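Here the structure is laid out as structure tokens; the discussion comes afterwards.
Every value quoted in this text rests on a predicted model; they were computed, and no experiment measured them.
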Amino acid sequence: MTAPLTVVASQRPDGTLVLACVGEIDMSNAGALEEALAGANGDGTVLVDLSAVEYLDSAGLTVLFSHVERIRLVANPLIEPVLTISGLAELTTVDGLTDDKGEDVGQ
């Protein structure tokens, strides 16, 4: 059974919109992430916090790729390989990515 996805929007004092995702992102609920990103108004970058995401499949990646020009990601060690192997980490800033030595390599 898929863990539910919760997407909570907030705004930082500097005006940056933050979408905090909790749970799993897969084909059964990727639409919720798409709706949140599509509904994110403004010209600024949207920070998508994936630090509490336990699973991310190709449906979730498709949503992120479709908004790659306006998002910045926060990742956890569990989903780092997915972001790297998919190439998403090369197209947008990903905070929390580390190299083999444990050093931050976020763009």
Side-chain angles (χ1 to χ4, degrees):
M1 181 174 180
T2 300
L5 172 65
T6 304
V7 181
V8 177
S10 63
Q11 195 166 17
R12 289 185 168 176
D14 66 1
T16 301
L17 177 64
V18 178
L19 296 178
C21 302
V22 178
E24 296 182 0
I25 304 173
D26 62 22
M27 64 184 253
S28 72
N29 58 26
L33 178 58
E34 173 61 38
E35 286 179 25
L37 282 166
N41 296 327
D43 296 327
T45 299
V46 177
L47 178 63
V48 182
D49 184 351
L50 303 174
S51 60
V53 169
E54 302 161 2
Y55 177 79
L56 177 66
D57 77 359
S58 61
L61 285 170
T62 298
V63 170
L64 295 173
F65 271 106
S66 69
H67 295 276
V68 74
E69 295 170 350
R70 58 186 287 247
I71 63 172
R72 192 174 106 219
L73 303 172
V74 176
N76 64 48
L78 188 62
I79 63 169
E80 283 180 20
V82 175
L83 299 175
T84 302
I85 292 168
S86 69
L88 189 60
E90 294 179 18
L91 299 175
T92 190
T93 300
V94 181
D95 297 326
L97 285 183
T98 57
D99 63 13
D100 294 336
K101 297 176 186 173
E103 297 177 15
D104 185 29
V105 294
Q107 298 180 17

Test side chain to side chain contact (heavy atoms under 4.5 Å, CB included) applied to T16 - qualifying residues, sequence neighbours left out = R12, D14, L47
Would you say the side-chain atoms of N29 pair up with the backbone N or O of E24, donor to acceptor, closer than 3.5 Å?
-> yes
Is there a donor-acceptor contact under 3.5 Å from the side chain of T92 to the main chain of I71?
-> yes
Any residue meeting side chain to side chain contact (heavy atoms under 4.5 Å, CB included) with F65, in chain and number order, not counting sequence neighbours = L61, S86, L88, L91
Is the backbone N or O of M27 less than 3.5 Å from a side-chain atom of D57, with the two atoms forming a donor-acceptor pair by type?
-> yes
Pairing residues for A20 by the side chain to side chain contact (heavy atoms under 4.5 Å, CB included) criterion, not counting sequence neighbours = D49
Shortest non-hydrogen pair, T84 vs A89, comes out as CA-CB, 4.1 Å
Is the count of non-hydrogen atoms from other residues, nucleotides or ligands lying under 6.0 Å from Q11 atom CD greater than 12?
-> yes
Decide whether V18 and V68 are clustered together by the hydrophobic rule: side chain heavy atoms of Ile, Leu, Val, Met, Phe, Trp, Tyr closer than 4.5 Å, transitively.
-> no
Between the main-chain N or O of Y55 and the side-chain N or O of D26, is there a donor-acceptor pair closer than 3.5 Å?
-> no
Within-4.5 Å side-chain heavy-atom neighbours: L73 and L64 = yes
Once you round to the nearest 0.5 Å, how far does CG of L19 lie from NE2 of H67?
-> 10.0 Å
State, yes or no, whether a side-chain contact exists between V48 and V74 at a heavy-atom distance under 4.5 Å.
-> no
Heavy-atom nearest pair, A40 first then R70, reads O-NH2, 2.6 Å
Would a 4.5 Å heavy-atom cut-off, applied to side chains only, mark V53 and V22 as touching?
-> no
Would you please test N76 and L50 for side-chain contact (heavy atoms from CB on, under 4.5 Å) and show each step?
-> CA-CA 7 Å; N76 64 48; L50 303 174; 5.7 Å; no
Distance col, row S66:OG vs L37:CG, nearest 0.5 angstrom, shows 7.0 Å
For the atom pair OG1 (T45) and CG (L17), what is the distance rounded to the nearest 0.5 Å?
-> 10.5 Å
Got T6 and C21 here, is their nearest side-chain heavy-atom distance under 4.5 Å?
-> no
How far apart are the closest heavy atoms of V63 and A30, and which atoms are they?
-> CG2-O, 3.8 Å
